[in-house]
Engineer: 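Structure incoming, see below.
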Amino acid sequence: MENSLLYFFRGNFRRNRKLIFNICSQLTIMERNFTGDLRNLPDGTNVIIMGWAQEIRSLKNLVFVVIRDSTGQVQATFKRENFSNMDQLSTLSRESVIRVEGKLNLQSKSKAGFEVEASSINVINVSESPLPLGIIDPVEADFETRLNNRFLDLRKPVKGSIFRIKSSMLWGIREYLHQQNFIEVQTPKIVAAATEGGADLFPVEYFEKEAYLNQSPQLYKEILIASGIDRVFEVGPAFRAEEHNTVRHLNEFTSVDIEMGFSDHHSAMSMLENAVKKGIENVLKTNSSDLQALGLKIESPKVPFPRISYEECRKIASSNGVEIPFGEDLSVEALKFVGEKFHDFYFIVDWPSSLRPFYTMPKEEDDRYTNSYDLQYREKEITSGAQRVHNPDLLTKRFMEKGLKPENFEFYIKAFRYGMPPHAGWGLGLERLLMILLDLQNIREATLFPRDRTRIVP
RNA sequence: GCCCCGGUAGUGUAGUGGCCUAUCAUACAGGCCUGUCGAGCCUGUGACUCGGGUUCAAAUCCCGGCCGGGGCGCCA
């Protein structure tokens with residue numbers, strides 16, 4: 001890897017020796033101004049802008065170049081009277097990386113009200129043309145074209161906003177969990193056993209053994225409860241080999257998981273609604289310009305979120321003419337009726353045992369139901385959680401009821417035999433939450449490089 | 001896994017058997033224009049997913065492949 005990089009530089013060096021000398025000296029000696037800071041500098045300041053040539057408009061004695069960097073954009077004006085090398089600009093292509101030096105003009109006639117009166121330009125790296133995808137073209141490309149050229153797609157400021165928001169939302173959630181004495185952990189993604197059965201796992205060749213990509217950190221975070229760490233959370237990839245083809249499923253997504261010892265589903269739900277609230281509040285605090293760019297007005301959700309039982313949902317569906325037999329999952333159609341009644345966030349609690357995995361704690365008073373919950377936003381499921389079974393005998397029984405062989409999970413059950421506290425937790429789909437927060441129509445919009453039924457490149 | 005739909009210049013589209021030498025916009029190349037800012041005007045380059053079939057004639061109809069989109073199921 002390092003060698004190939006070296007050869008790349010050597011090759012380029014030979015071809016563009018002069019250019020590289022030029023760039024290196026500039027990058028190290030000179031400071032760089034961000035376009036987002038220009039407004040606050042004194043008029044006439046000498047500035048250096050580095051970024052992409054977003055737009056080039058040339059008139060006879062005048063060329064305008066709009067430069068975009070990570071903080072915004074600015075127009076650089078080249079006048080024949082104070083810029084000798086106008087011919088240099090005729091070859092400039094859109095999206096080339098450039099460095100422009102000039103004087104800041106805060107009284108400019110441009111619409112932005114400020115511009116840079118350019119005195120020099122260096123083309124640091126040329127962009128080929130035509131572009132596979134226009135950054136500022138009035139026609140929006142198909143999503144497939146955009147994903148195939150994702151690095152260009154992400155140059156559009158609104159696309160960047162999505163991922164800045166994703167980052168601060170996660171930051172807010174992390175901060176909250178830290179305050180609540182959780183520690184962040186990393187568990188294996190290459191595993192031997194299925195979490196909840198073997199159907200939807202990606203097999204991987206692991207030397208002489210068969211292994212899988214983990215669909216959830218569930219078993220490992222429970223084992224950590226037996227380790228005495230007590231409160232853990234993990235942010236990591238989860239892999240599902242389901243052949244779904246929808247706007248809200250990915251085959252690789254980011255799961256935010258927590259598990260807490262000496263705890264039940266009620267305190268886990270409280271932790272969840274507060275984590276979501278803090279994540280959103282951190283977005284409100286840090287991303288006002290991104291939200292503005294996306295044309296969104298968002299409010300912090302009120303906690304606690306409503307709790308609605310599975311049985312109530314069935315009744316709501318039934319009163320709208322949709323019958324869900326006991327023990328069957330609530331269909332999208334049914335959830336739409338529930339979502340009409342409880343918009344925004346709400347919990348569906350007390351799911352039947354038949355719909356929940358083996359590790360879910362049955363209700364003491366009626367074991368047809370469980371101490372489980374889903375966090376919903378209208379008809380969309382964001383999070384699934386529950387109090388877990390902590391008694392090893394009950395756990396073994398539940399394995400068998402689900403048609404799973406307890407001996408395949410010996411490494412897991414063993415952790416329950418030597419003192420396992422009662423515990424509860426949840427797993428939250430980060431992209432789903434972002435999708436809901438930003439009203440994105442496709443979960444792939446909330447993913448830099450989505451992995452779906454057919455896409456593994458780029 | 002099931003059902004429905006689509007594939008035309010770099011990008012996005014119009015075109016449902018002959019009027020297609022394939023529309024329009026944008027991008028791209030060249031030219032004009034002293035301040036543009038969705039700049040404007042002129043000129044130019046550039047495309048029917050692949051294979052087979054039907055027909056005097058196929059972008060258009062039929063079959064298959066490949067690629068993609070949407071819905072459901074399942075899930076986060």
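Scope of the values below: all heavy atoms of this structure, side chains included, with no hydrogens, waters or symmetry mates.
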Engineer: Sub-3.5 Å donor-acceptor pair from the side chain of A:R398 to the main-chain atoms of A:Y359, do we have one?
Structural biologist: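 It does not hold such a pair.
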Engineer: Among B:C74, B:C33, B:G38, which nucleotide has an atom closest to any side-chain atom of A:H244?
Structural biologist: B:C74
Engineer: Tell me: CG of A:N148 to P of B:G7, nearest whole Å?
Structural biologist: 18 Å
Engineer: Can A:E175 and A:K278 be counted as an ion pair, charged N to O under 4.0 angstrom?
Structural biologist: no
Engineer: For the pair made of CG in A:L152 and C1' in B:A27, what is the distance, rounded to whole Å?
Structural biologist: 13 Å
Engineer: Return a single string for nucleotides 39-47 of chain B, one symbol per nucleotide in 5' to 3' order, where B is base contact, S is sugar-phosphate-only contact and - is none, cutoff 4.0 angstrom on heavy atoms.
Structural biologist: B--------
Engineer: With rounding to whole Å, what would you report as the distance between B:A58 and B:G69 at their C1' atoms?
Structural biologist: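 Those two atoms are separated by 26 Å.
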Engineer: Between A:E115 and A:T246, just flag the one whose closest nucleotide in RNA chain B comes earlier from the 5' side.
Structural biologist: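 Per heavy-atom nearest nucleotide, the more 5' residue is A:E115.
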Engineer: Under 4.0 Å, heavy atoms only, any strand: does A:K79 hit a base, just the sugar-phosphate, or nothing?
Structural biologist: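 Since a base atom lies under 4.0 Å of A:K79, the category is base.
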Engineer: What does the list of N/O pairs under 3.5 Å between the protein and nucleotides 10-14 of chain B look like, with a distance for each?
Structural biologist:
residue: B:G10; atom: O2'; partner: A:L131; partner atom: O; Å: 3.2
residue: B:G12; atom: OP1; partner: A:D142; partner atom: N; Å: 2.8
residue: B:G12; atom: OP1; partner: A:T145; partner atom: OG1; Å: 2.6

Engineer: Within the pair A:K60 and B:G35, is there a side-chain N or O less than 4.0 Å away from OP1 or OP2?
Structural biologist: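 No.
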Engineer: Look at all strands and tell whether A:N442 reaches a base, only sugar-phosphate, or nothing, counting heavy atoms closer than 4.0 Å.
Structural biologist: sugar-phosphate
Engineer: Taking the P atom in each of B:C74 and B:G15, what is the distance between them to the nearest angstrom?
Structural biologist: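 Result for the P pair: 39 Å, nearest Å.
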Engineer: For A:E222 and A:Q218, does a side-chain donor sit closer than 3.5 Å to a side-chain acceptor?
Structural biologist: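 Note: A:E222 and A:Q218 side chains meet the donor-acceptor criterion.
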Engineer: Sticking with atom P, work out how far B:U45 lies from B:G30, rounded to a whole angstrom.
Structural biologist: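 Looking at atom P only, B:U45 and B:G30 are 15 Å apart.
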Engineer: Could I get the full list of salt bridge (charged side-chain N to carboxylate O under 4.0 Å, His left out) partners for A:E431, not counting sequence neighbours?
Structural biologist: A:K166
Engineer: Compare the minimum distances between each of B:G35, B:C75, B:U26 and the side chain of A:P138, then state the nucleotide with the smallest one.
Structural biologist: B:U26
Engineer: Would you check if the side chain of A:K363 reaches a backbone N or O of A:R368 as a donor-acceptor pair within less than 3.5 Å?
Structural biologist: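 Side chain of A:K363 to backbone of A:R368: no pair is present.
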Engineer: Where does the angle between the aromatic ring planes of A:Y310 and A:W351 fall among parallel (under 30°), tilted (30 to 60°) and perpendicular (over 60°)?
Structural biologist: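 Answer is tilted, since the angle falls between 30° and 60°.
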Engineer: On a whole-Å scale, what distance lies between the P atoms belonging to B:U26 and B:G7?
Structural biologist: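 It comes out at 24 Å once rounded to the nearest Å.
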Engineer: A:Q441 side chain to A:D439 main-chain N or O, any donor-acceptor pair under 3.5 Å?
Structural biologist: yes
Engineer: Could you tell me whether A:Q441 contacts a base, only the sugar-phosphate backbone, or nothing, with contacts defined as non-hydrogen atoms closer than 4.0 Å?
Structural biologist: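 The residue A:Q441 makes no contact with any strand.
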Engineer: Over all strands shown, is A:V247 touching base, sugar-phosphate only, or nothing at heavy-atom distances under 4.0 angstrom?
Structural biologist: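 Touches sugar-phosphate only.
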Engineer: When we call it a touch if two heavy atoms are under 4.0 Å apart, what does A:L430 touch: a base, just sugar-phosphate, or nothing?
Structural biologist: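 Nothing, no heavy atom under 4.0 Å.
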Engineer: Centroid separation under 6.0 Å, is that true for the rings of A:F78 and A:F83?
Structural biologist: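 Yes, the ring of A:F83 comes within the 6.0 Å limit of the ring of A:F78, centre to centre.
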Engineer: Verify, without hydrogens or angle tests, whether A:S127 (side chain) and A:R94 (backbone) share a donor-acceptor contact under 3.5 angstrom.
Structural biologist: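 The answer is yes, because a donor-acceptor pair under 3.5 Å joins these two groups.
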Engineer: Distance check needed: B:G35 P versus A:I56 CD1, whole Å only.
Structural biologist: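 So the CD1-P distance, A:I56 to B:G35, works out to 19 Å.
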Engineer: For B:A22 versus B:G46, give the span between their C1' atoms, rounded off to a whole number of Å.
Structural biologist: 13 Å
Engineer: Between A:Y412 and A:F409, what is the ring plane arrangement, given parallel below 30°, perpendicular above 60°, and tilted in between?
Structural biologist: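 Ring orientation, 0 to 90° scale: perpendicular.
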Engineer: Could you give the distance separating B:G18 and B:A29 at their C1' atoms, to the nearest angstrom?
Structural biologist: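 Here B:A29 and B:G18 have their C1' atoms 35 Å from each other.
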Engineer: State which of B:C72, B:G68, B:A76 makes the closest approach to the side chain of A:L250.
Structural biologist: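 Ranking B:C72, B:G68, B:A76 by closest atom to the A:L250 side chain puts B:A76 first.
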Engineer: Using distance alone, with no hydrogens and no angle criterion, decide if A:T71 and A:T35 have a side-chain donor and acceptor under 3.5 Å apart.
Structural biologist: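 Present: a donor and an acceptor within the cut-off.
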Engineer: Do the ring planes of A:F347 and A:Y373 sit parallel (below 30°), tilted (30 to 60°) or perpendicular (above 60°)?
Structural biologist: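 Rings of A:F347 and A:Y373: perpendicular, over 60°.
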Engineer: How far does the P atom of B:U13 sit from the matching atom of B:G17, given to the nearest Å?
Structural biologist: 22 Å
Engineer: What parts of residues 443-454 of chain A reach RNA chain B, counting only heavy atoms under 4.0 Å away?
Structural biologist: A:I443, A:T454
Engineer: Judged by modelled atom types alone, do A:Q215 and A:D200 share a side-chain donor-acceptor pair under 3.5 Å?
Structural biologist: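 Yes, because at least one side-chain N or O of A:Q215 sits under 3.5 Å from a partner of the opposite role on A:D200.
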Engineer: What distance, rounded to whole Å, do you find between the two C1' atoms, one in B:A14 and one in B:C19?
Structural biologist: 15 Å
Engineer: So A:S255, base contact, sugar-phosphate only, or nothing? Heavy-atom distance under 4.0 Å.
Structural biologist: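 Contact class for A:S255: none.
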Engineer: If you look at every strand shown and take non-hydrogen atoms under 4.0 Å, does A:V332 touch a base, only sugar-phosphate, or nothing?
Structural biologist: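 Sugar-phosphate: the residue A:V332, judged by heavy atoms under 4.0 Å, touches backbone atoms but no base.
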Engineer: Grab the CD1-P distance between A:I348 and B:C75 for me, whole Å please.
Structural biologist: 13 Å
Engineer: Show me the protein contacts with nucleotides 2-5 of chain B, counting only N or O atoms at under 3.5 Å.
Structural biologist:
none

Engineer: Figure out the CG/P separation between A:L434 and B:A76, and round it to whole Å.
Structural biologist: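 Nearest whole value for this atom pair: 19 Å.
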Engineer: Which residue, A:D329 or A:S129, contacts RNA chain B at a nucleotide closer to its 5' end, judged by nearest heavy atom?
Structural biologist: A:S129
Engineer: Establish, from distance only, whether the side-chain atoms of A:E311 and A:Y369 form a donor-acceptor pair under 3.5 Å.
Structural biologist: yes
Engineer: Are any side-chain N or O atoms of A:S119 and backbone N or O atoms of A:E101, one a donor and one an acceptor, separated by less than 3.5 Å?
Structural biologist: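 Yes.
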Engineer: I'd like to know if the side chain of A:S110 pairs up with that of A:E115 as donor and acceptor (distance under 3.5 Å, no hydrogens or angles considered).
Structural biologist: no
Engineer: State the dot-bracket string of RNA chain B. Criteria: Watson-Crick or G-U wobble, both atom distances under 3.5 angstrom; notation: ( ) intrastrand, [ ] crossing earlier pairs, | interstrand, . unpaired.
Structural biologist: (((((((..(((.....[.....))).(((((.......)))))....(((((..]....))))))))))))....
Engineer: Check every atom of B:C37, B:C67, B:A76 against the side chain of A:H249 and return the nucleotide holding the closest atom.
Structural biologist: B:A76
Engineer: Could you check whether any side-chain N or O of A:D137 sits under 3.5 Å from a backbone N or O of A:E140, counting only pairs where one atom can act as donor and the other as acceptor?
Structural biologist: no
Engineer: Answer yes if the side chains of A:R356 and A:N371 hold a donor-acceptor pair under 3.5 Å, and no otherwise.
Structural biologist: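 On atom types as modelled, these side chains do not qualify, holding no pair under 3.5 Å.
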Engineer: With a 3.5 Å cut-off and just heavy-atom distances, do the side chain of A:E144 and the base of B:G7 make a donor-acceptor pair?
Structural biologist: no
Engineer: So, A:D264 side chain and A:H266 main chain: donor-acceptor pair closer than 3.5 Å or not?
Structural biologist: yes
Engineer: Establish whether the base of B:U36 is bridged to the side chain of A:Q75 by a donor-acceptor pair shorter than 3.5 Å.
Structural biologist: yes
Engineer: Please report the distance, rounded to the nearest Å, between CD in A:E242 and P in B:A76.
Structural biologist: 8 Å
Engineer: Rounded to the nearest angstrom, tell me the gap between atom CG in A:N61 and atom C1' in B:U34.
Structural biologist: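 Rounded to whole Å, this separation is 6 Å.
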Engineer: Separation of A:L201 atom CG from B:C75 atom P, in whole Å?
Structural biologist: 14 Å
